[in-house]
Number of protein chains: 2
Amino acid sequence: MKLGEGVEQAIHSVAMLSSLSEGGVLSAAAIAEFHGVSTSYLLKHLQALSGAGILDTVPGPKGGYRLARKPADITLLDIVLSVEGPAPAFRCSEIRQRGPNPLPSRYFAKPCGISAAMLKAEQVYRAELAKTTIADLGRTLAEVDDGGIAARGCAFLEIHERKTAR
Amino acid sequence: MKLGEGVEQAIHSVAMLSSLSEGGVLSAAAIAEFHGVSTSYLLKHLQALSGAGILDTVPGPKGGYRLARKPADITLLDIVLSVEGPAPAFRCSEIRQRGPNPLPSRYFAKPCGISAAMLKAEQVYRAELAKTTIADLGRTLAEVDDGGIAARGCAFLEIHERKTAR
DNA sequence: GGCAAATTACTCGGATACACATTGTCCGAGTGTCTCTGG
DNA sequence: CCAGAGACACTCGGACAATGTGTATCCGAGTAATTTGCC
């Protein structure tokens with residue numbers, strides 16, 4: 001039960017991209033520098049997000065990444081599934097079939113109760129993640145912020161944001 | 001987001017131990033043989049369960065493992081936490097502090113909203129796991145069983161179960 | 001001076017090494033049981 | 001025949017390798033801005 005380090009980076013990156021102006025674009029190098037992480041490694045996850053349809057890419061000079069959807073339409077679940085993969089955490093390897101005297105195959109038609117319970121819990125977990133959107137995160141952040149956090153973000157965007165003709 | 005293979009083995013082992021008679025004991029080798037998995041590796045997880053107070057160990061010949069509590073008092077969450085460790089899956093590495101111009105430390109007093117949302121989801125996940133007990137699993141298994149599964153288990157226990165003087 | 005084409009520099013994208021964690025295995029310590037010997 | 005001590009065999013417990021996944025990195029393909037030459 002362990003989530004990769006890239007999940008946190010991906011979420012922060014999406015949250016950051018959500019606060020730039022319409023048509024604005026941010027390069028992966030800028031995001032990595034802002035978060036103090038490896039550029040090449042962050043690229044890997046940004047590509048995954050791009051492939052999942054969460055981010056749009058603008059190639060060429062003055063290019064970069066941009067949200068493909070509205071912040072209210074991007075949930076934490078979308079990001080986690082894109083980065084970690086859609087496979088469930090608990091994989092029932094049908095341990096019942098193994099061993100010296102396995103059960104008849106007709107019992108395997110329905111999944112065992114253990115697998116059902118574990119997957120049910122995971123389903124609840126994902127449903128909870130799907131409740132919060134990027135827009136929600138920005139809203140809750142604004143509540144506790146006295147202006148310092150927003151100021152830092154704006155200052156950084158002022159320097160690194162690129163506005164494309166779209 | 002991936003759970004270890006040992007989790008499934010551990011749950012199945014506990015479920016198996018829940019169906020033996022009062023004072024009965026099962027050796028790790030027998031459990032491993034029944035499930036067709038590595039004995040030494042299963043031992044590792046059984047030890048973890050023992051350390052967590054879920055199983056009792058009986059040393060010496062005719063020794064083995066036994067449930068330390070009633071099946072109704074053992075939840076899936078207990079087993080998962082024992083095997084996978086109590087650490088949460090999402091670890092906020094406080095990415096905000098890194099980078100060229102970190103935020104003042106006073107903003108770190110409260111966890112960031114991202115971390116809060118992720119941990120909240122995980123809390124829900126664990127709460128769901130805590131709902132189902134080993135007794136529940138046995139009950140649901142009995143509902144779909146026409147006698148074949150129980151027969152196999154009883155036959156195996158008849159051979160390998162050891163009854164200690166306690 | 002305006003236009004067009006080649007160049008250039010910057011971006012993302014995928015294929016490639018390194019590190020850590022999980023998986024799998026082994027040998028040693030501990031304990032109850034069995035046996036052998038003495039009374 | 002009974003009791004006790006010794007040896008034994010079986011158990012769990014922790015320390016030691018091997019594989020798989022995640023982490024980090026590099027170089028190549030593509031594209032838009034730029035520059036330069038021509039009209």
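Note: hydrogens, waters and symmetry copies are ignored here, and every other heavy atom, side chains too, is used. Every chain is numbered from 1 and lettered A, B, ... according to where its sequence line falls, protein lines coming before strand lines. Here the structure is a predicted model, which means the values were calculated and not measured.
Taking atom CG on A:Leu43 and atom P on D:dG28, their separation rounds to 16 Å, with Å as the unit. With rounding to whole Å, B:Tyr65 atom OH is found 14 Å from D:dC10 atom C1'. The distance from atom NE2 of A:His160 to atom P of C:dC10 is 15 Å, rounded to the nearest whole Å. As a whole-Å value, the separation of A:Leu26 CG from C:dC10 C1' is 15 Å. Between the CD atom of B:Glu33 and the P atom of D:dT11 there is a distance of 12 Å, given to the nearest Å. With rounding to whole Å, B:Glu161 atom CD is found 17 Å from D:dT11 atom C1'. We find that CG of B:Leu46 is positioned 13 Å from C1' of D:dT11, with the value rounded to whole Å.
A donor-acceptor pair under 3.5 Å is formed between the side chain of A:Thr140 and the backbone N or O of A:Leu137. Side chain of A:Arg66 to backbone of A:Gly64: no donor-acceptor contact under 3.5 angstrom is found. With hydrogens and angles disregarded, a donor-acceptor distance shorter than 3.5 Å links the side chain of B:Arg91 to the backbone of A:Leu3. Judged by distance alone, the side chain of A:Ser21 and the main-chain N or O of A:Gly24 form no donor-acceptor pair under 3.5 Å. Of the possible donor and acceptor atoms, one in the side chain of B:Thr133 sits under 3.5 Å from a partner among the backbone N and O of B:Asp136.
Regarding contacts with the backbone of C:dG14, a side-chain N or O of A:Gln47 is found under 4.0 angstrom from either OP1 or OP2. Remark: B:Arg162 is not in phosphate contact with D:dC10, judged by side-chain N or O atoms under 4.0 Å from OP1 or OP2. The shortest distance between the side-chain N/O atoms of B:Ser50 and the OP1/OP2 oxygens of D:dC12 is not below 4.0 Å.
Nucleotides of DNA chain D nearest to B:Pro59 and A:Pro59 differ in position, and the one nearer the 5' end is that of B:Pro59.
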Measure all distances between protein nitrogen or oxygen atoms and nitrogen or oxygen atoms of nucleotides 19-25 of chain C, and list the pairs falling under 3.5 Å.
residue : atom : partner : partner atom : Å
C:dT23  : OP1  : B:Glu5  : N            : 2.5
C:dT23  : OP2  : B:Tyr41 : OH           : 2.8
C:dT23  : O5'  : B:Tyr41 : OH           : 2.9
C:dT25  : OP2  : B:Ser38 : OG           : 2.8

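Across all strands, B:Ala29 comes closer than 4.0 Å to no nucleic acid atom at all (heavy-atom distances).
Residue pairs that meet the side chain to side chain donor-acceptor pair (under 3.5 Å) test with at least one member in residues 70-83 of chain B, sequence neighbours left out, are B:Arg69-B:Asp78, B:Thr75-B:Asp78.
When the nucleotides D:dC12, D:dT31, D:dC10 are ranked by their closest atom to the side chain of B:Pro61, D:dC10 comes out on top.
One distance of note links CD of A:Glu84 with NE2 of A:His45; it measures 8.5 Å at 0.5 Å rounding.
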